[in-house]
Amino acid sequence: MFTSIAFWLLAVIAVVSGAAVFRVDSMARATYALAVSFVAVGAILLLFDLDYVGVITILMMMMEMAIMGVFMIMFMGMNPALMPMDMVHSKKASAAVSLSVFVMLSALALLIPWPSRRGSPDGDVTAALGEALMESKMLVMLVISSILFATIVASLVLANPGGRYGQASDGAIGGKQRARHPDGGGK
Amino acid sequence: MTLEGVLIVVAALFCVGLYGALSQQAIVMVMMGLELMLNGVILAVAAFWWFLAPAPEGQVLLLVVIAAMTVEMAMGFAVATLVHRSRGSDMTDMAGDLSG
């Protein structure tokens with residue numbers, strides 16, 4: 001009974017704060033609303049006995065929202081909490097598509113004859129996850145680790161102003177060669 | 001609390017995120033929409049784990065989804081930084097020519 005009440009309370013918080021992300025009038029408030037939505041979903045995971053994943057979700061998303069706030073201020077160039085925001089396009093078409101997808105997904109959720117539960121959770125769910133990661137599912141983590149490393153490299157290459165081969169405005173001649181040219185490498 | 005009930009909540013979260021991803025102009029706001037959609041996916045995987053098959057594989061799948069969120073954020077911010085630097089704007093409408 002308590003679990004049901006807590007779930008529906010958290011579900012309402014998650015959906016309402018998720019909707020508030022696109023309703024509030026500043027990006028800072030939108031970030032806070034998204035953080036609340038993530039915390040509510042993380043708390044629902046805790047209700048499902050997913051202690052480790054729930055805590056990871058909450059901690060990671062709070063950190064992510066903080067980084068998002070930094071980027072927002074960087075791009076907007078002013079205090080985002082003070083800036084009214086109405087930057088939308090195709091509002092009606094987007095709402096129609098979203099509503100149609102919601103109706104379709106809800107109908108599928110209600111109409112599919114879901115099978116009954118197979119088995120029961122291990123006594124220590126976190127220990128079972130750790131054993132799976134270190135044994136049968138280690139390949140999954142190895143693949144993810146290489147993807148994350150590739151993401152770090154790709155993000156740095158994209159975000160670096162000079163890029164891999166230096167500034168595009170410098171042309172094809174490198175710095176050392178340019179120093180030898182009296183005219184500064186054609187500039 | 002039933003699987004169907006949780007999945008309707010998932011559908012609501014996913015569709016709110018979809019609306020944001022389709023309608024917002026600022027790249028950061030589009031990414032917020034995508035994050036919200038993945039938030040729904042996390043809840044769906046957790047619900048399937050709890051109501052259908054509470055095996056460790058489900059938890060591993062959850063970690064994969066969380067890793068996908070991380071990759072999406074990192075690459076999204078890198079691309080947003082690049083677009084902002086080269087075009088002086090972080091709006092999707094200013095980068096319409098990238099659609100192909």
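Each chain gets a letter, A, B and so on, in the order the sequences are listed, and its residues count up from 1. Here the structure is a predicted model, which is why all the values come from computation and not from measurement.
Under the 4.5 Å side-chain contact rule for hydrophobic residues, Trp8(A) and Phe38(A) share a cluster. In terms of hydrophobic clustering, with Ile, Leu, Val, Met, Phe, Trp and Tyr side chains grouped at heavy-atom distances under 4.5 Å, Val45(B) and Leu45(A) are assigned to a common cluster. Hydrophobic cluster membership is shared by Val65(B) and Leu63(B), with clusters built from Ile, Leu, Val, Met, Phe, Trp and Tyr side chains linked at under 4.5 angstrom. In the hydrophobic clustering of this structure, Ile42(B) groups with Leu148(A); members are Ile, Leu, Val, Met, Phe, Trp, Tyr whose side-chain heavy atoms approach within less than 4.5 Å, directly or through other members. Both Met29(B) and Ile67(A) are members of a single hydrophobic cluster when ILVMFWY side chains are connected at heavy-atom separations under 4.5 Å.
Of all the listed residues (Met69(B), Glu57(B), Glu35(B)), the one sharing the greatest number of non-hydrogen pairs under 4.5 Å with chain A is Glu35(B). Heavy-atom pairs under 4.5 Å with chain A peak, among Ala12(B), Gly5(B), Pro54(B), Ala78(B), at Pro54(B). Here Met32(B) is the residue among Glu4(B), Met31(B), Met32(B) with the most heavy-atom pairs under 4.5 Å with chain A. For the options Ile112(A), Val12(A), Ile144(A), Val143(A), heavy-atom pairs under 4.5 Å to chain B are most numerous at Ile144(A).
Between the side chain of Arg117(A) and the backbone N or O of Ala53(B) there is no donor-acceptor pair closer than 3.5 Å. No donor-acceptor distance shorter than 3.5 angstrom exists from the side chain of Ser94(A) to the backbone of Tyr19(B), with no hydrogens or angles considered. With hydrogens and angles ignored, the 3.5 Å screen pairs no side-chain donor or acceptor of Glu64(A) with any backbone N or O of Met73(B).
Both the backbone and the side chain of Ser155(A) have a heavy atom closer than 4.5 Å to some heavy atom of chain B. In this structure, the portion of Ala132(A) lying under 4.5 Å from any heavy atom of chain B is its side chain and not its backbone. Using a 4.5 Å cut-off between heavy atoms, Met141(A) touches chain B through its side chain atoms alone. No part of Ser100(A) comes within reach of chain B, as not one of its non-hydrogen atoms sits under 4.5 angstrom from that chain. Of the atoms belonging to Val15(A), heavy atoms from both backbone and side chain fall under 4.5 Å from chain B. Using a 4.5 Å cut-off between heavy atoms, Ala68(B) makes no contact with chain A at all. The contact between Met60(A) and chain B is made entirely by side chain atoms (from C-beta outward), counting heavy-atom distances below 4.5 Å. With a 4.5 angstrom heavy-atom cutoff, Leu129(A) touches chain B via backbone and side-chain atoms both. Heavy atoms of Leu18(B) lying under 4.5 Å from chain A belong to its backbone as well as its side chain. Contact annotation for Leu62(B): only side-chain heavy atoms (C-beta onward) come within less than 4.5 Å of a heavy atom of chain A. With a threshold of 4.5 angstrom between heavy atoms, Val10(B) does not approach chain A through any atom at all.
Looking at every heavy atom in both residues, Leu52(B) comes nearest to Trp114(A) through CD1-CE3, 4.2 Å. For Leu7(B) against Ala109(A), the heavy-atom pair with the smallest separation is CB-CB, 3.6 Å. The minimum heavy-atom distance linking Phe102(A) with Ile8(B) is given by the pair CE1-O, 3.8 Å. Taking every heavy atom of both residues into account, Ala11(B) and Leu105(A) meet most closely at CB-CB, 3.7 Å. Annotation for Leu82(B) and Leu158(A): closest pair CD1-O, 3.3 Å, computed over non-hydrogen atoms.
Counting non-hydrogen atoms of other residues, nucleotides and ligands closer than 6.0 Å to OH of Tyr32(A) gives a total of 12 or fewer.
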>> Walk me through whether Leu22(B) and Val97(A) qualify under side chain to side chain contact (heavy atoms under 4.5 Å, CB included).
In response: CA-CA 9 Å; Leu22(B) 291 176; Val97(A) 169; 3.8 Å; yes

>> Could you go through Asn39(B) and Leu34(A), starting from their C-alpha distance and side-chain angles, then the distance that decides it, and tell me whether this counts as side chain to side chain contact (heavy atoms under 4.5 Å, CB included)?
In response: CA-CA 10 Å; Asn39(B) 198 19; Leu34(A) 189 58; 5.7 Å; no

> Ile147(A) and Val71(B): side chain to side chain contact (heavy atoms under 4.5 Å, CB included), yes or no, with the steps?
Replying inline: CA-CA 8 Å; Ile147(A) 290 172; Val71(B) 170; 4.1 Å; yes

>> Between Leu13(B) and Ser37(A), is the side chain to side chain contact (heavy atoms under 4.5 Å, CB included) condition met? List the steps.
In response: CA-CA 9 Å; Leu13(B) 276 174; Ser37(A) 180; 3.9 Å; yes

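Here the straight-line distance linking atom CD of Gln24(B) with atom OG of Ser90(A) works out to 11.5 Å at 0.5 Å rounding. Here the CE-CG distance, from Met61(A) to Leu38(B), works out to 8.5 Å after rounding to the nearest 0.5 Å. Atom CE of Met104(A) and atom SG of Cys15(B) lie 8.0 Å apart (nearest 0.5 Å). Rounding to the nearest 0.5 Å places OG of Ser98(A) at 9.5 Å from CZ of Phe14(B).
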Donor-acceptor pairs are to be reported for all side-chain atoms of residues 47-58 of chain A against protein atoms at under 3.5 Å, with residues two or more places apart or in another chain.
unit_1   : atom_1 : unit_2   : atom_2 : d
Thr57(A) : OG1    : Val53(A) : O      : 2.7

